[in-house]
There are 2 protein chains.
Amino acid sequence: MRAEELKGHLDAMLLAALEGGPRHGYAVIEALRAGTGGRLDLPTGTIYPALRRLENAGLIAGSWSVVTGRRRRYYRLTPAGQRALAGRRADWRDFAATVSAVLEGGPCPDPA
Amino acid sequence: MRAEELKGHLDAMLLAALEGGPRHGYAVIEALRAGTGGRLDLPTGTIYPALRRLENAGLIAGSWSVVTGRRRRYYRLTPAGQRALAGRRADWRDFAATVSAVLEGGPCPDPA
DNA sequence: AGCCTATACGTAGGGACGCTACTTATAGGT
DNA sequence: ACCTATAAGTAGCGTCCCTACGTATAGGCT
């Protein structure tokens with residue numbers, strides 16, 4: 001997975017990863033890795049700033065808790081986040097259809 | 001189409017737009033617009049630098065010509081560009097499958 | 001003649017974003 | 001004592017697409 005490909009689609013996947021219930025950052029990484037058969041293995045330097053960004057945007061809400069001595073920050077989707085997720089899903093479908101039309105569609109005939 | 005979504009996928013679409021034969025920049029814009037039903041309407045400030053980038057990378061080759069008094073730069077795929085296009089197509093399929101698995105797949109069950 | 005639009009190419013600068021590399025800290029196994 | 005897994009975070013970097021602008025010709029309209 002090339003890095004540039006991901007740009008603009010990470011937020012949608014993070015929101016989707018939180019759709020099934022609150023998760024902390026490390027668990028999000030593992031959920032995405034497991035959910036994609038290992039194809040998506042994001043570094044912490046990608047995840048943690050992205051979660052902060054989503055939190056600042058009001059799409060997710062975080063809270064600290066301590067489990068077996070380790071501090072964890074659990075994030076849950078806010079109502080705005082659920083709406084954003086629905087929008088991002090629609091965006092993705094539209095985007096995927098557009099790119100597929102160009103890449104998978106036959107070569108554009110020369111209009112000349 | 002949000003801007004960030006496109007990142008990393010433009011090159012593949014430009015290569016695909018040139019697969020049917022040489023085209024100049026302005027014609028590439030129109031071909032992509034027509035091929036996607038107007039969903040992809042890229043500004044010239046996106047296309048021209050991108051074509052330069054692909055040319056510098058050796059994936060396309062450009063040559064000037066003059067048609068009805070207007071100068072045009074026609075680009076054609078190089079053999080390396082054809083190989084790159086095949087690779088990018090495979091990348092796209094893999095990427096699309098990965099994102100779809102996360103967004104369209106059911107919510108990841110809580111392992112707890 | 002004067003003006004506007006379409007055609008056609010280009011650059012400069014900026015904003016957004018994900019990654020690399022590094023730091024801090026606890027739990028548990030060898 | 002050491003190493004790995006778990007868990008969170010930051011600083012700085014590089015890439016990339018877009019906005020805004022500049023240049024020029026062809027052709028239609030008034």
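Here is the naming used below: chain letters follow the sequence lines, and residue numbers restart at 1 for every chain.
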J.: My understanding is that only residues two or more places apart in sequence, or in another chain, count here; which of them pass side chain to side chain contact (heavy atoms under 4.5 Å, CB included) with B:R2?
T.: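 For B:R2 the side chain to side chain contact (heavy atoms under 4.5 Å, CB included) partners, ignoring immediate neighbours, are A:R88, A:D91, B:E4, B:E5.
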J.: Using atom CE of B:M1 as one end and atom P of D:dC17 as the other, report the distance to the nearest whole Å.
T.: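 That distance rounds to 13 Å.
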J.: Check whether B:I47 and B:L54 end up in the same hydrophobic cluster, where Ile, Leu, Val, Met, Phe, Trp and Tyr are linked by side-chain heavy atoms less than 4.5 Å apart.
T.: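 Yes, one cluster joins them.
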J.: Rounded to whole angstrom units, what separation is found between the CE atom of A:M13 and the P atom of C:dC17?
T.: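 Computing the A:M13:CE to C:dC17:P distance gives 14 Å.
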J.: Provide, to the nearest angstrom, the distance between the CD1 atom belonging to B:I29 and the P atom belonging to C:dC9.
T.: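 Atom-to-atom, B:I29 to C:dC9, this comes out as 8 Å.
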J.: Restricting to pairs with a member in residues 41-62 of chain A, which pass salt bridge (charged side-chain N to carboxylate O under 4.0 Å, His left out), not counting sequence neighbours?
T.: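 Those involving residues 41-62 of chain A are A:D11-A:R53, A:R33-A:D41, A:E55-A:R73.
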J.: Scan residues 60-75 of chain B against DNA chain D and write down, sorted by residue number, each residue with any heavy atom closer than 4.0 Å; if none is found, say none.
T.: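 Close to the strand are B:T68, B:G69, B:R70.
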J.: Side chains of residues 57-66 of chain B: which donor-acceptor pairs under 3.5 Å do they make with residues two or more places apart or in other chains?
T.:
none

J.: From the options D:dC17, C:dG10, D:dT6, select the nucleotide whose nearest atom is closest to the side chain of B:L6.
T.: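 It is D:dC17.
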J.: What pairs with B:R83 under salt bridge (Lys or Arg N to Asp or Glu O under 4.0 Å), at least two apart in sequence or on another chain?
T.: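 Salt bridge (Lys or Arg N to Asp or Glu O under 4.0 Å) list for B:R83, sorted by chain: empty.
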J.: Return the value, rounded to whole Å, for the distance between atom NE2 of A:H9 and atom P of D:dC16.
T.: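 Answer to the nearest Å: 15 Å.
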J.: Name the residue closer to the 5' end of DNA chain C, choosing between A:K7 and B:H24 according to the nucleotide with the nearest heavy atom.
T.: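 Whichever sits nearer the 5' end wins; that is B:H24.
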J.: I need the OH-P distance between B:Y48 and D:dC17, as an integer number of Å.
T.: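 It works out to 17 Å between those atoms.
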J.: List the residues meeting salt bridge (Lys or Arg N to Asp or Glu O under 4.0 Å) with A:R71, not counting sequence neighbours, and say none if there are none.
T.: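 Once residues adjacent in sequence are excluded, A:R71 has no partner under the salt bridge (Lys or Arg N to Asp or Glu O under 4.0 Å) criterion.
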J.: If you assign A:T44 and A:E4 each to the DNA chain D nucleotide with the nearest heavy atom, which residue ends up on the more 5' nucleotide?
T.: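 In this pair, the answer is A:T44.
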J.: What integer distance in Å separates B:R52:CZ from C:dG10:C1'?
T.: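 Computing the B:R52:CZ to C:dG10:C1' distance gives 7 Å.
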J.: Name the nucleic acid region contacted by A:G45, choosing base, sugar-phosphate or nothing; use a 4.0 angstrom heavy-atom cut-off, strictly under.
T.: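 Here A:G45 touches the bases of the nucleic acid.
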J.: Give the C-alpha distance, both sets of side-chain angles, the deciding distance and a yes or no for salt bridge (Lys or Arg N to Asp or Glu O under 4.0 Å) between B:R93 and A:E104.
T.: CA-CA 10 Å; B:R93 279 190 272 261; A:E104 315 289 0; 2.7 Å; yes
J.: Quick one: B:N56 CG to D:dC16 P, roughly how many Å, whole number?
T.: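 Atom-to-atom, B:N56 to D:dC16, this comes out as 12 Å.
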J.: With DNA chain D as reference, determine whether A:Y26 or B:L10 sits nearer its 5' end, using the nearest nucleotide of each.
T.: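 Nearest nucleotide further toward 5': that of A:Y26.
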J.: Within this structure, what is the CD-to-P distance between B:E30 and C:dA6, rounded to whole angstrom?
T.: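 Atom CD in B:E30 sits about 11 Å away from atom P in C:dA6.
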